[in-house]
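Before any comments, here is the structure.
Naming convention: chains lettered A, B, ... in sequence-line order (proteins, then strands); numbering from 1 in each chain. Everything numeric here is computed off the predicted structure, so don't read it as measured data.
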There are 2 protein chains.
Amino acid sequence: MTDTTTYTEAEERIFEAALQAFARKGKDGARMQEIADAAQINKAMLHYYFRSKDKLYAAVFAYVFQRFFAGIGAAVEEAESFEAVLRTFITGYIDFLKDHQDVVRLMVNENLSGGEAVVQQVSTLKSADGNPVRALITRIAQATKTGEIRPVDPFQTALTVLSSCIFFFIVYPTMREMNPGVARDRDGFLEERKAHLIDLLVHGLHPRS
Amino acid sequence: MTDTTTYTEAEERIFEAALQAFARKGKDGARMQEIADAAQINKAMLHYYFRSKDKLYAAVFAYVFQRFFAGIGAAVEEAESFEAVLRTFITGYIDFLKDHQDVVRLMVNENLSGGEAVVQQVSTLKSADGNPVRALITRIAQATKTGEIRPVDPFQTALTVLSSCIFFFIVYPTMREMNPGVARDRDGFLEERKAHLIDLLVHGLHPRS
DNA sequence: GTCTATATCTCGATAGAC
DNA sequence: GTCTATCGAGATATAGAC
């Protein structure tokens with residue numbers, strides 16, 4: 001189930017509709033009928049194309065999982081100084097998340113309900129040796145050895161960076177309610193967020209006497 | 001629906017069972033039957049006590065919402081230096097989250113499905129003037145003015161601190177899969193996490209020339 | 001207050017005509 | 001490939017005996 005999988009026009013619409021439904025209501029909460037409606041297709045055709053709800057979910061999740069980590073990978077590649085890595089990563093990943101919010105929601109939903117689908121997908125990353133999280137961790141470890149940054153735990157640091165970028169999109173409804181300014185100028189807030197995170201992490205990781 | 005609400009013994013059991021079910025499978029995915037079973041009660045009694053699934057969910061969410069922010073509040077109070085605030089908050093809040101993982105899951109689930117229940121609850125915090133997130137933000141703003149820390153955006157900083165503490169618990173299944181060491185010694189990992197976050201943030205916020 | 005039995009509805013899935 | 005009609009499982013909710 002790689003990225004090379006191709007779909008017909010109808011299947012594409014189903015896919016997008018299913019992603020949106022599963023992301024908002026989870027695997028159990030989503031309804032085949034609403035997916036069919038959103039895809040402008042008959043409900044019977046949904047089963048004709050994807051056999052069952054489980055199979056549809058599995059296909060959508062596999063797609064989302066690859067996307068989620070591809071977004072990370074694209075941001076780590078090709079950067080010289082570690083500060084440039086940090087800058088590129090934070091900017092690139094927040095932009096990616098902004099454009100793929102359903103991807104985040106589905107990933108989180110899957111984790112909340114146990115994450116059984118995650119298990120199989122993780123092995124995909126390992127075997128391909130293209131795990132972008134590991135790439136980020138390795139890059140951090142490298143920078144601690146060269147003295148480019150303070151001696152920090154690479155795994156913890158990577159987790160902190162990811163947390164700080166992703167969490168906002170998860171709790172956006174609460175954020176919006178507590179600080180209406182966030183909703184009034186969402187893009188502006190996200191630009192501020194990038195700057196804040198780069199500033200905080202560069203200072204937090206900078207070597208000291 | 002304040003904390004002063006009292007419940008009978010049976011209602012307490014229902015409450016705990018419902019929290020667990022809603023947290024793992026969401027409002028739609030959770031089943032009244034499984035809640036009844038877990039509460040060691042007849043399914044009809046569930047409706048006798050709480051009328052409907054919607055009302056049960058509303059009651060559980062209100063309880064969880066208060067708990068979630070009370071956990072933040074308890075950690076901000078009574079600390080002298082800002083570094084002490086940071087230390088107390090991170091230690092206290094991670095410990096709180098560790099002991100109330102279903103609270104996190106339910107909060108996130110609600111946000112993923114639109115967060116309609118959040119709207120009413122936020123007004124509760126505002127009117128009571130006991131919004132602990134605002135307290136944290138105020139404390140950060142204060143520290144920037146006295147020069148105790150660098151001039152940073154208080155809202156962004158508070159969001160970063162919360163993100164870094166909470167996110168791990170949301171994506172734990174994925175973490176465990178990518179780094180089995182996390183599952184082998186969970187408590188140890190969380191102690192490391194506290195130390196890492198305190199270290200990173202203290203350095204990141206420390207005033208510089 | 002407690003439980004059994006059941007009404008009512010909704011969902012996933014399929015049969016079968018076209 | 002496409003659609004209508006429907007089956008059967010399982011869900012919420014309630015009626016009514018005790």
Side-chain angles (χ1 to χ4, degrees), chain A residues 5-64 102 105-106 109-110 112-114 116-117, chain B residues 5-64 102 105-106 109-110 112-114 116-117:
Chain A
T5 313
T6 53
Y7 291 104
T8 67
E9 207 177 309
E11 284 169 325
E12 284 283 359
R13 288 206 309 278
I14 293 175
F15 219 83
E16 278 306 313
L19 169 53
Q20 195 166 346
F22 285 135
R24 281 170 171 67
K25 310 191 182 177
K27 180 181 161 182
D28 290 333
R31 300 294 163 221
M32 294 297 269
Q33 183 64 64
E34 72 175 331
I35 294 174
D37 291 347
Q40 292 173 303
I41 208 174
N42 191 284
K43 192 177 67 165
M45 292 305 292
L46 208 52
H47 288 89
Y48 174 78
Y49 281 120
F50 287 90
R51 288 296 294 176
S52 71
K53 194 183 186 182
D54 278 344
K55 286 193 168 49
L56 175 58
Y57 180 81
V60 170
F61 183 77
Y63 171 81
V64 159
D102 286 334
R105 292 197 185 99
L106 184 55
N109 240 319
E110 174 59 28
L112 287 184
S113 47
E116 289 179 38
Chain B
T5 312
T6 53
Y7 291 103
T8 67
E9 206 176 310
E11 283 169 326
E12 283 283 1
R13 288 206 310 277
I14 293 174
F15 221 81
E16 279 305 313
L19 169 53
Q20 195 167 345
F22 286 134
R24 282 169 170 67
K25 310 193 180 175
K27 181 180 160 182
D28 292 332
R31 300 295 162 219
M32 294 296 268
Q33 183 65 63
E34 72 176 330
I35 294 174
D37 291 346
Q40 291 173 305
I41 209 173
N42 190 283
K43 193 178 62 167
M45 292 304 293
L46 207 52
H47 288 89
Y48 174 78
Y49 281 120
F50 288 90
R51 288 297 293 176
S52 72
K53 192 184 186 181
D54 278 344
K55 286 193 169 48
L56 175 57
Y57 180 80
V60 170
F61 183 76
Y63 170 82
V64 158
D102 287 335
R105 292 197 184 99
L106 185 55
N109 240 320
E110 176 59 28
L112 288 184
S113 48
E116 290 179 36

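Residue A/Leu56 contributes atom CG, which lies 16 Å from atom P of C/dC11 at whole-angstrom precision. Rounding to whole angstrom units, CD1 of residue A/Ile35 and P of C/dG12 are separated by 8 Å.
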Check: protein-nucleotides 8-13 of chain D nitrogen or oxygen pairs below 3.5 Å:
from	atom 1	to	atom 2	distance (Å)
D/dT12	OP1	B/Met32	N	2.9
D/dT12	OP2	B/Met32	N	3.2
D/dA13	OP2	B/His47	NE2	3.2
D/dA13	OP2	B/Lys53	N	2.8
D/dA13	N6	B/Lys43	NZ	3.3

Nucleotide N/O to protein N/O under 3.5 Å, stretch nucleotides 1-3 of chain C:
from	atom 1	to	atom 2	distance (Å)
C/dT2	OP2	B/Tyr49	OH	3.2

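Looking at A/Phe15, A/Tyr7, A/Tyr57 one by one, the single match for ring pair (Phe, Tyr, Trp, His ring centres under 6.0 Å) with A/Tyr63 turns out to be A/Phe15. Here the rule is side-chain contact (heavy atoms from CB on, under 4.5 Å) with A/Phe22, and of A/Leu106, A/Asp102, A/Asp28, A/Val64 only A/Leu106 fits it.
Of all heavy-atom pairs spanning A/Glu11 and A/Thr8, the tightest one is OE1-N, 2.8 Å. Contact record, A/Asn109 with A/Ala23: ND2-O, 3.0 Å, taken as the closest heavy-atom pair.
Without hydrogens or angle criteria, A/Glu34 side chain to A/Ala21 main chain gives no donor-acceptor distance under 3.5 Å.
Within the structure, the ring-ring contact (aromatic ring centres under 6.0 Å, His included) test picks out no pair touching residues 31-54 of chain B (sequence neighbours left out).
Within the 4.5 Å cutoff, the side chain of A/Lys27 has heavy atoms near those of the A/Asp54 side chain.
By the 6.0 Å contact criterion, NZ on B/Lys53 is enclosed, its count of non-hydrogen atoms from other residues, nucleotides or ligands being greater than 12.
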